[in-house]
Amino acid sequence: MGTLTFCINVTLDGCVDHEVGIADDETHALFTQLMDEAGVMLWGRTTYEMMESAWPAVARGDVEADATMRDWAVKLDAKPKYVVSSTREDFPWANSHRIAGDLRACVQKLKEDTPAGVLLGSASLATELDRLDLIDEYRFLVHPRIAGHGPTLFELGLPSTRRLELVSATPLRNGAIMTHYRRAD
């Protein structure tokens, strides 16, 4: 069975707004590596639509982008993408698949069917999957910024505190730190 890893950019004050982090060659290369190591991507509908609005055009070469961003976009385009949605049924972006129905059962099956692992990149979906005890690991790219606004990590709350075990912490040249934790409870 594959591991479900929640991976997201976060500021020192917990903000997960995608526009406040540092987006440079080093961070794009890091996320490309994480995506390469995973078997599939898992998102909620909102995150999928945000990604769908930008990255396919970069992958096609319709938008000017540096080599690192283009590499990310091309690999993301080819990667299987699973989207949890109760409202949208059509997902035309290459290799996109809808997950609907019993969330626990569907995500558990996805983990079982994906030995290389599932990389989750949606904050609100992560809260729901954490409540269902489906997240195995957490990778937070902590940016040296204080946003002063939300959305924030797990802002809807969890039923209990999660004890985590540090696997690694890797500083980047831009001052961010990639942290890797496993569930300890």
Side-chain angles (χ1 to χ4, degrees), residues 1-11 14-19 21 31-56 72 75-142 149-167 178-185:
M1 177 179 335
T3 300
L4 176 59
T5 302
F6 173 40
C7 183
I8 199 158
N9 291 291
V10 62
T11 63
C15 180
V16 293
D17 181 336
H18 71 280
E19 294 182 342
F31 279 103
T32 301
Q33 177 185 347
L34 292 171
M35 181 176 53
D36 285 346
E37 294 169 358
V40 302
M41 305 295 290
L42 176 62
W43 296 321
R45 181 192 50 80
T46 302
T47 300
Y48 172 86
E49 289 175 349
M50 178 185 65
M51 302 296 269
E52 177 187 42
S53 71
W55 295 109
W72 157 263
K75 289 181 177 187
L76 181 59
D77 200 56
K79 184 65 80 173
K81 296 167 279 294
Y82 287 81
V83 186
V84 174
S85 180
S86 61
T87 57
R88 183 173 170 180
E89 295 181 13
D90 182 40
F91 296 90
W93 186 8
N95 302 306
S96 295
H97 313 275
R98 179 181 183 219
I99 290 180
D102 182 280
L103 184 60
R104 179 190 302 273
C106 290
V107 172
Q108 185 65 38
K109 180 163 179 21
L110 184 61
K111 287 173 65 172
E112 290 168 3
D113 293 346
T114 314
V118 178
L119 189 61
L120 167 65
S122 294
S124 58
L125 179 57
T127 299
E128 294 307 313
L129 295 179
D130 205 311
R131 288 178 181 163
L132 295 172
D133 289 324
L134 290 170
I135 299 177
D136 304 298
E137 296 186 347
Y138 304 78
R139 289 184 181 247
F140 300 125
L141 183 57
V142 183
H149 64 81
T152 58
L153 196 58
F154 299 110
E155 69 184 359
L156 299 178
L158 295 173
S160 62
T161 300
R162 297 288 182 242
R163 289 189 46 239
L164 304 177
E165 170 188 327
L166 179 66
V167 175
M178 175 53 85
T179 62
H180 179 189
Y181 293 94
R182 279 194 196 105
R183 295 268 311 250
D185 51 359

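These numbers come from a predicted model, not from an experiment.
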Using a 3.5 Å distance criterion without hydrogens, assess whether the side chain of [X] forms a donor-acceptor pair with backbone atoms of [Y].
| X | Y | value |
| --- | --- | --- |
| Asp136 | Leu4 | yes |
| Arg131 | Gly157 | yes |
| Lys111 | Leu134 | yes |
| Ser53 | Met50 | yes |
| Thr11 | Cys15 | yes |
| Lys75 | Asp36 | no |
| Asp77 | Trp55 | no |
| Thr114 | Leu110 | yes |
| Glu155 | Thr152 | yes |

Is any side-chain heavy atom of [X] less than 4.5 Å from a side-chain heavy atom of [Y]?
| X | Y | answer |
| --- | --- | --- |
| Phe6 | Leu153 | yes |
| Leu120 | Leu129 | yes |
| Met178 | Leu34 | yes |
| Phe91 | Glu52 | no |
| Leu125 | Thr47 | no |
| Val118 | Thr5 | no |
| Leu132 | Val107 | no |
| Val83 | His97 | no |

With rounding to the nearest 0.5 Å, note down the distance linking [atom1] in [X] to [atom2] in [Y].
| X | Y | atom1 | atom2 | value |
| --- | --- | --- | --- | --- |
| Leu103 | Ser86 | CG | OG | 10.5 Å |
| Met1 | Lys109 | CE | NZ | 11.5 Å |
| Met41 | Leu76 | CE | CG | 6.0 Å |
| Asp133 | Gln108 | CG | CD | 10.5 Å |

Distance-minimising heavy-atom pair for [X] and [Y]:
| X | Y | value |
| --- | --- | --- |
| Leu164 | Ala184 | C-CB, 3.9 Å |
| Arg45 | Ser85 | CD-OG, 3.6 Å |
| Asn95 | Ala78 | ND2-O, 3.0 Å |
| Pro80 | Tyr82 | CB-CE1, 4.1 Å |
| Gly44 | Ser122 | N-OG, 2.8 Å |

| message | side chain to side chain contact (heavy atoms under 4.5 Å, CB included), that's the test. Do Phe154 and Val16 meet it? Break it down for me. | response | CA-CA 10 Å; Phe154 299 110; Val16 293; over 6 Å; no
| request: Assess Arg183 against Tyr181: is NZ or CZ under 6.0 Å from the centre of the six-membered ring, and within 45 degrees of the ring's axis? | output: no
| With a distance cut-off below 6.0 Å to the six-membered ring centre and an angular limit of 45° from the axis, does Lys81 pair with Trp43 as a cation-pi contact? | no
| said: Is a donor from one side chain sitting under 3.5 angstrom from an acceptor on the other, for Arg162 and Ser160? | reply: yes
| Any chance the side chains of Asp130 and Tyr138 put a donor and an acceptor closer than 3.5 Å? | yes
| Evaluation steps, side chain to side chain contact (heavy atoms under 4.5 Å, CB included), between Val40 and Leu119 | CA-CA 6 Å; Val40 302; Leu119 189 61; over 6 Å; no
| Hey, mind stepping through Phe31 and Cys7 against side chain to side chain contact (heavy atoms under 4.5 Å, CB included) and telling me if it holds? | CA-CA 9 Å; Phe31 279 103; Cys7 183; 3.3 Å; yes
| field | Test log, rule side chain to side chain contact (heavy atoms under 4.5 Å, CB included), inputs Glu137 and His180 | value | CA-CA 7 Å; Glu137 296 186 347; His180 179 189; 2.9 Å; yes
